[in-house]
Structures are given as C-alpha cells and as structure tokens.
Q: 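Pasting a structure below so you can have a look.
Reckoned from all heavy atoms, side chains included, excluding hydrogens, waters and symmetry mates. In what follows, chains are A, B, ... by sequence order, proteins preceding strands, each numbered from 1.
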Number of protein chains: 2
Amino acid sequence: MAPEPTNTIQIPAYGDEHLAVDFSQQYATLDSVRMPLTRKEYDLLALLVQHAGEIIPRDALLLRVWGYGAEIRTRTLDVHVRRLRKKLGAYADVYIETIFGIGYRFQPFHAPRFFQSEPKPAAAVA
Amino acid sequence: MAPEPTNTIQIPAYGDEHLAVDFSQQYATLDSVRMPLTRKEYDLLALLVQHAGEIIPRDALLLRVWGYGAEIRTRTLDVHVRRLRKKLGAYADVYIETIFGIGYRFQPFHAPRFFQSEPKPAAAVA
DNA sequence: GCGGAGTTGTAAAAAGTTTGTAAAAAGCGC
DNA sequence: GCGCTTTTTACAAACTTTTTACAACTCCGC
C-alpha cells in the first residue's frame, strides 16, 4: 500500500545556459541545437537531469533506466554515459561527473564544483 | 524505561569552527570547502568524529572500519590516519590525537587537552 | 640521561578495484 | 537483408587500498 516514493517527479523542463531538456516532449537541445539522442541515451540523461546536483548510484541508474537488479553485471551504463558525454561535446565533464565507487551526478552549468585538488598544507596554527 | 539505543548512535551531523561532517550525506567540509575523501577515509573520520572526545582503541577502529579481528597485523590504519591528517591540513593534530599504545581520539576544535583519566562525553560545542 | 623494545609515522611500491574506451556482436524494426 | 540501437567483450587508464621497509618516537628500567 505504501506508495512508492515518487519516481516520476513533475518537472516540466530543465534549462540552463547551454542545455535544455523538455521532459514532456522528450528531447534535449545543446546551445539551441537539438541533440540527436537515442531512447536509452535520453532516458539516462533525463534521469540524471531530473536529479541535478544529486549523486545517483550506479545501482539506481541501472534499475531505473534498465530495470536491472544488483546481481546483473554489465558495462552498458558506462558506454551510455560515454555516448552522452560525447554528444555533450565540450561540456561533457562539466555536466556529468563521475563519483568514483558510487555513480554519477549531473551538475547544472554554473553549479559550484566542490572538488578541488589537495588542501594546501596551509600555514601552521599556533 | 527509555529504550537504550544500540551502539550505533545516529547523529545527523557534526560541526565546529572549522570542520563539519554530514553523516547522512557522507561528506565533510573543512572551512566550508568540501574535503575530497575516499570511502575508507570517510568511514574512519566518521567513526572518530561520532565519538568525539573518546579514545578509540586501534582494535576497535580496525574492527569497525575494516572488519579486521585482533589477529590481523596491518599498518593500513596508520596510513589512513596519515592521509586524513594531511587533508585536515593545519588542523591535523588539533583534531586527531594519537594515544600511544592504545589508539586515536578526535577532539572538537575547542576541546581543552588536559590529563584526564576518562574524559566524559564532552559537552557539545557552542 | 641512556638504551632497548615496542609503537607510530611516512614514502613509495604493489595490489586490488572501478571506470573509460574501441570495437565486435547481438537485437530490433522495416 | 539493412540500418540503427544496444549490449558485451576485452583491455587500458584512473583511482583506492594495502603492504613494505625503514625512520622516528614513546615508554620504562636502569
């Protein structure tokens, strides 16, 4: 009876400086040019974009885009991420972050990126 | 009788003047900048921080972070402590104390370091 | 203080794991 | 079959963790 946690969030569309996704019409544009996405590519992008800023574990992506359970071992997710990145061109890694050991995260164009190399061995504290 | 919580107390977050740890999202920030921690580094830091002010014996750390029993001889704990300290930069030894022959202890930023036999579960930070 | 046994610190190598990638194979609709 | 999409395969590259080897330090009795 417990209703599933809303798996279809009602966002009509996403848009930032370069990328736009129309979820009702199911297509995306990059710098105003329509991106030719295949079905799976779109599904993957849409899921990532609908959770912009959140880390989505591989498990979750495989389950929600492919219906795969945890027992299935495949590299198809990686391949699709790669194709998406390719089609995102120069913005590839700006938009799609890899969270090592966990999954992926879509970041809106201007979102602050927390990762920085190494904290400088700063000056001593007395 | 209030039912005693099990040994795993769920504190939502920790924060002091410089360090913050979000246990539900599993990340830490140092002076508002996100610390890039690997999983094991995070696990170790989280366990220490959740027991701030308490000495945690090596045995306990090895058991709870690595699942190792007393028979296993390894220096991986020391190496991980070292990496954590490195990432804590100037605050390294302010936060992570070595208790010779026993283990380690995380101290909140302002906690005084005195000779006390058994430091009580230190009062919350202001 | 001094020395030794045991403990911890550290850098670097080795080992283990995860992700990236190209190309081939498999699947699907026409 | 043909063209397109998706999955698998096989290996490379990137990243994380553990081990190794030795230096430095602490404790304790003398």
Side-chain angles (χ1 to χ4, degrees), chain A residues 26-28 35-48 55-89 92-93 95-106 115-118 121, chain B residues 26-28 35-48 55-89 92-106 113 115:
Chain A
Q26 306 202 129
Y27 70 90
M35 293 175 72
L37 297 175
T38 68
R39 178 64 158 168
K40 279 277 191 294
E41 285 166 1
Y42 171 80
D43 289 348
L44 177 58
L45 177 63
L47 183 49
L48 287 166
I55 295 172
I56 309 186
R58 293 179 69 91
D59 293 2
L61 293 168
L62 283 168
L63 179 64
R64 300 209 25 202
V65 176
W66 281 270
Y68 288 177
E71 73 285 354
I72 295 181
R73 197 169 46 76
T74 178
R75 313 217 31 58
T76 195
L77 169 58
D78 307 76
V79 173
H80 279 268
V81 167
R82 181 177 164 277
R83 295 216 191 99
L84 268 185
R85 280 178 168 154
K86 201 165 192 174
K87 291 183 179 177
L88 286 170
D93 300 310
Y95 280 127
I96 301 181
E97 263 182 287
T98 299
I99 311 299
F100 194 95
I102 315 259
Y104 294 92
R105 171 165 56 182
F106 175 86
F115 297 99
Q116 59 168 39
S117 43
E118 281 285 307
Chain B
Q26 306 202 139
Y27 70 88
M35 294 175 70
L37 297 175
T38 67
R39 168 148 298 275
K40 278 277 190 294
E41 285 166 0
Y42 170 81
D43 289 348
L44 176 57
L45 177 63
L47 183 50
L48 287 166
I55 296 172
I56 310 187
R58 294 179 68 92
D59 294 1
L61 293 167
L62 283 168
L63 178 63
R64 299 212 24 204
V65 175
W66 282 269
Y68 288 177
E71 71 284 353
I72 295 180
R73 175 174 293 101
T74 177
R75 318 230 4 68
T76 196
L77 169 57
D78 308 77
V79 173
H80 279 267
V81 167
R82 181 178 164 277
R83 295 215 190 101
L84 268 185
R85 281 178 167 153
K86 198 166 192 175
K87 290 182 179 178
L88 286 170
D93 300 311
V94 178
Y95 281 127
I96 300 181
E97 261 183 289
T98 299
I99 311 299
F100 192 92
I102 315 263
Y104 294 94
R105 171 166 56 181
F106 174 86
R113 257 158 292 289
F115 315 101

Q: Looking across every strand, which nucleic acid part, if any, lies under 4.0 Å from A/Leu77 by heavy atom: base, sugar-phosphate, or nothing?
A: nothing

Q: Please list, in 5' to 3' order, the outermost nucleotides of DNA chain D lying under 4.0 Å from any heavy atom of chain A.
A: D/dT5 to D/dT16

Q: Considering residues at least two apart in sequence or located in another chain, which fulfil the side-chain contact (heavy atoms from CB on, under 4.5 Å) criterion with B/Arg85?
A: B/Val81, B/Ala92, B/Asp93, B/Ile96, B/Thr98, B/Tyr104

Q: Whole Å only: how far is the NZ atom of B/Lys40 from the C1' atom of C/dT18?
A: 14 Å

Q: Tell me the closest heavy-atom pair linking B/Arg75 and B/Asp78, and the distance in Å.
A: NH1-OD1, 3.0 Å

Q: Let me know, please, whether B/Asp78 or A/Arg83 comes out on the 5' side of the other along DNA chain C by nearest nucleotide.
A: B/Asp78

Q: Which residue in the set A/Leu48, A/Ile55, A/Ile56 passes side-chain contact (heavy atoms from CB on, under 4.5 Å) when paired with A/Arg105?
A: A/Ile55

Q: For A/Tyr104, report the nucleic acid contact type (base, sugar-phosphate, nothing); a contact means any heavy atom under 4.0 Å.
A: sugar-phosphate

Q: With B/Arg39, which residues qualify under side-chain hydrogen bond (donor to acceptor under 3.5 Å, both in side chains), at least two apart?
A: none

Q: Could you give the CH2-to-C1' distance, from A/Trp66 to C/dG27, as a whole number of Å?
A: 16 Å

Q: Using a 4.0 Å heavy-atom cut-off across all strands, classify B/Leu44 as base, sugar-phosphate, or nothing.
A: nothing

Q: To the nearest Å, how far apart are A/Arg75 CZ and C/dT21 C1'?
A: 10 Å

Q: Is the shortest side-chain N/O distance from B/Thr98 to OP1 or OP2 of C/dG9 below 4.0 Å?
A: yes

Q: Less than 4.0 angstrom between a side-chain N/O of B/Arg85 and OP1 or OP2 of C/dG9, yes or no?
A: yes

Q: Output the distance between atom OG1 (A/Thr38) and atom CG (A/Leu44), rounded to the nearest 0.5 Å.
A: 9.5 Å

Q: Parallel under 30°, tilted from 30 to 60°, perpendicular over 60°: which one fits the rings of B/Tyr95 and B/Phe106?
A: parallel

Q: Once you round it to whole Å, what is the distance between C1' of C/dT19 and NE2 of A/His80?
A: 16 Å

Q: For B/Tyr68, report the nucleic acid contact type (base, sugar-phosphate, nothing); a contact means any heavy atom under 4.0 Å.
A: sugar-phosphate

Q: Do the side chains of B/Arg64 and B/Asp43 get close enough for a salt bridge, i.e. N-O under 4.0 angstrom?
A: no

Q: Under 4.0 angstrom, heavy atoms only, what part of the nucleic acid is A/Val79 near: base, sugar-phosphate, or nothing?
A: base

Q: When the distance from CZ of B/Arg58 to P of C/dT7 is rounded to whole Å, what number comes out?
A: 9 Å

Q: Using a cut-off of less than 4.0 Å, is there contact between a side-chain N or O of A/Arg39 and OP1 or OP2 of C/dC28?
A: no

Q: Considering every strand and a 4.0 Å limit on heavy-atom distances, what is the contact class for A/Thr38: base, sugar-phosphate, or nothing?
A: sugar-phosphate

Q: Check the distance between C/dT21's C1' and A/Leu84's CG and give it to me in whole angstrom.
A: 15 Å

